[in-house]
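Take a look at the structure below.
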Protein chains: 2
Amino acid sequence: MSGSGPEETPGAEPAELGFRPLYRQVRDALIRRIVDGAWLPGQPLPSEMQLAADLGVSQGTVRKALDAMASENLVVRRQGRGTYVARHDDERVLFQFFKLVPDEGERSFPQSQVLSCIAAPASAAEAELLRLKPATRIIRIFRIRSIEGRPVVAETLSLPEALFPGLSDMELPNNLYGLYAMSFGLSVASTTEKLKAVSATSEDASALQVAPGTALLEIDRVAFSLDQTPIEWRVSLCLTETMHYETHLG
Amino acid sequence: MSGSGPEETPGAEPAELGFRPLYRQVRDALIRRIVDGAWLPGQPLPSEMQLAADLGVSQGTVRKALDAMASENLVVRRQGRGTYVARHDDERVLFQFFKLVPDEGERSFPQSQVLSCIAAPASAAEAELLRLKPATRIIRIFRIRSIEGRPVVAETLSLPEALFPGLSDMELPNNLYGLYAMSFGLSVASTTEKLKAVSATSEDASALQVAPGTALLEIDRVAFSLDQTPIEWRVSLCLTETMHYETHLG
DNA sequence: AAGTGGTCTAGACCACCGA
DNA sequence: CGGTGGTCTAGACCACTTT
């Protein structure tokens with residue numbers, strides 16, 4: 001190749017509307033392969049030189065694509081060893097998506113007790129947020145999450161049943177995102193969260209063993225997979241008397 | 001230059017302990033110049049070729065440094081025009097640091113009413129969070145922020161007086177970060193936030209014109225300048241009945 | 001037309017890792 | 001030792017913006 005553009009490979013499409021840089025196309029192609037399960041979480045990708053040869057681009061372009069994916073936490077690069085598909089193990093989720101930390105002391109992952117797990121037609125809100133046709137079947141989970149035996153989060157989750165066949169019959173672990181990845185090939189890549197302060201209703205209060213009217217932090221989260229499909233909606237009601245939600249901006 | 005390393009420029013230091021990549025050094029040098037006011041917010045930096053010549057590195061290295069700074073929101077790159085020092089105008093702060101948005105409707109920036117602005121010795125908490133010696137003088141501001149005439153945030157701010165000489169005598173605008181940058185040469189580059197749900201005390205309640213015990217979102221934020229010095233601590237008590245705090249992860 | 005940043009390529013040397 | 005990613009350079013062509 002002499003110099004540029006999404007061109008020059010014999011037989012390539014002649015640069016139509018909506019250009020996308022080559023490295024962007026490489027990134028998307030690699031993501032597609034990961035989504036399709038060509039490389040599993042924790043496994044190494046081929047080397048940059050390999051991928052460059054496979055895809056017919058230069059090593060530098062592959063590198064830029066992998067750097068972008070690394071900054072999105074989709075892969076992990078380790079000097080001298082290789083580039084690995086990111087794992088959704090506890091360690092990772094703990095830092096990336098679980099923002100509740102104790103006011104003092106180490107952060108720890110809560111134990112979860114599932115109180116119910118049933119399939120039902122989606123409510124209007126569920127259908128909208130998960131981009132499903134009205135009344136599509138969803139799985140609804142309610143659980144209590146505790147730290148050191150103390151209930152701190154009451155959580156309601158909604159998932160499209162079609163994406164998680166058989167989930168309602170499974171034993172549910174503390175870290176659901178790990179299960180999604182391991183058993184259903186769905187990795188949570190990003191989330192949107194809306195936070196509010198609310199007063200505990202009597203149901204909330206009894207679930208968390210506090211007085212009704214106690215101030216709770218409500219986290220309303222939609223989780224998206226690698227290809228931006230919404231795959232989970234969860235509303236978490238959190239006791240923040242000894243914990244807080246921590247975030248860094250900029 | 002033939003190929004690599006923080007070397008080869010005649011007279012350069014002979015690669016000691018704690019290497020830092022050249023592009024990192026270029027980034028830091030450019031940040032220092034911005035901090036020192038060589039280029040003001042909104043102004044264009046010299047072109048990549050210019051900077052490369054000035055600094056004695058290749059254009060590619062300058063580019064990597066500028067790309068890093070762009071991803072940190074320190075500069076803005078505009079194809080065909082140039083690279084500009086980021087501005088801390090309302091537009092920018094609105095999206096980067098102001099995360100409260102209405103449940104429905106457009107996001108808007110609140111009007112602020114300053115109720116008090118006094119200098120005093122730092123409390124223990126202020127001294128610790130702002131990394132000051134005990135009892136260093138600080139400026140303490142209390143203000144109410146309203147949207148469409150409705151009070152929605154009660155906010156207490158603490159700033160080191162040494163960094164903001166004369167601020168307590170100034171007219172304070174709605175967007176303080178713009179003032180910090182414009183009048184004191186201090187840009188807020190990053191923040192750390194801790195969120196909790198709390199019940200309104202009687203003082204909070206009267207300030208926000210709600211019933212005591214109303215659930216409020218407490219945002220405890222420390223803001224850092226370009227060189228990671230803490231320059232502001234603010235605690236915001238937010239009414240989240242018609243608004244929410246929005247964040248995207250991953 | 002000239003100048004800017006955006007992309008792509010190619011080749012070099014380095015630090016790190018595992019056999 | 002050979003292979004990997006990390007960095008640096010140099011030069012090319014592109015799209016965009018302004019003159």
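Order of the sequence lines fixes the chain letters, A, B, ..., with proteins taken first and strands second; residue numbering starts at 1 for each chain. Every value quoted in this text rests on a predicted model; they were computed, and no experiment measured them.
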- Task: Examine D:dT4: is either OP1 or OP2 under 4.0 Å from a nitrogen or oxygen in the side chain of A:Ser47? Give yes or no.
- Result: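 Result: yes.
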Calculate the interatomic distance between [X] atom [atom1] and [N] atom [atom2]; express it in whole Å.
| X | N | atom1 | atom2 | answer |
| --- | --- | --- | --- | --- |
| A:Gln43 | D:dT4 | CD | P | 17 Å |
| B:Arg27 | D:dT7 | CZ | P | 13 Å |
| B:Tyr23 | D:dG6 | OH | C1' | 8 Å |
| A:Glu48 | D:dG6 | CD | P | 7 Å |
| A:Met49 | D:dG3 | CE | P | 11 Å |

- Message: What's the separation between atom CG in A:Leu249 and atom CG in B:Asn73, rounded to the nearest 0.5 Å?
- Response: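 The CG atom of B:Asn73 is 10.5 Å from CG of A:Leu249, to the nearest 0.5 Å.
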- Message: Less than 6.0 angstrom from the centroid, inside 45 degrees of the normal: does A:Arg78 satisfy that with respect to the ring of A:Tyr84?
- Response: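 Yes, A:Arg78 and A:Tyr84 form such a contact.
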- Over-ring placement of A:Arg63 relative to A:Tyr23, 6.0 Å and 45° cut-offs: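 Not satisfied by the 6.0 Å and 45° rule.
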- Close approaches to DNA chain D from residues 76-85 of chain B, in residue order (heavy atom, under 4.0 Å):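 Of all residues in residues 76-85 of chain B, the ones placing a heavy atom under 4.0 Å from DNA chain D are B:Gln79, B:Gly80, B:Arg81.
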- Task: Can you sort out which residues in residues 61-73 of chain B have a heavy atom within less than 4.0 Å of DNA chain D? Ascending by number, please.
- Result: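 Within this stretch, B:Thr61, B:Lys64 sit under 4.0 Å of the strand.
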Residues 97-104 of chain B, side-chain donor-acceptor partners within the protein, below 3.5 Å, at least two apart:
unit_1: B:Asp103; atom_1: OD1; unit_2: A:Lys196; atom_2: NZ; d: 3.4
unit_1: B:Asp103; atom_1: OD1; unit_2: B:His244; atom_2: ND1; d: 2.7
unit_1: B:Asp103; atom_1: OD2; unit_2: A:Lys196; atom_2: NZ; d: 2.7

- Task: Might you confirm whether atom CD of B:Glu128 has over 12 heavy atoms from other residues, nucleotides or ligands at distances under 6.0 Å?
- Result: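 It does not: B:Glu128 CD has 12 such atoms or fewer within range.
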- Item | Within 6.0 angstrom of A:Glu148 CD, more than 12 heavy atoms from elsewhere |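 It does not: A:Glu148 CD has 12 such atoms or fewer within range.
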- Query: Which nucleotide in the set D:dT9, C:dG5, C:dA10 lies at the smallest distance from any side-chain heavy atom of B:Ser58?
  - Reply: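 Minimum distance to the B:Ser58 side chain belongs to D:dT9.
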- Task: Using only heavy-atom distances, determine whether the side chains of A:Ser146 and A:Gln111 contain a donor-acceptor pair under 3.5 Å.
- Result: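 No.
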- Sole residue of A:Glu232, A:Glu155, A:Glu193 in side chain to side chain donor-acceptor pair (under 3.5 Å) with A:Arg221: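 Between A:Arg221 and the candidates, side chain to side chain donor-acceptor pair (under 3.5 Å) is satisfied uniquely by A:Glu193.
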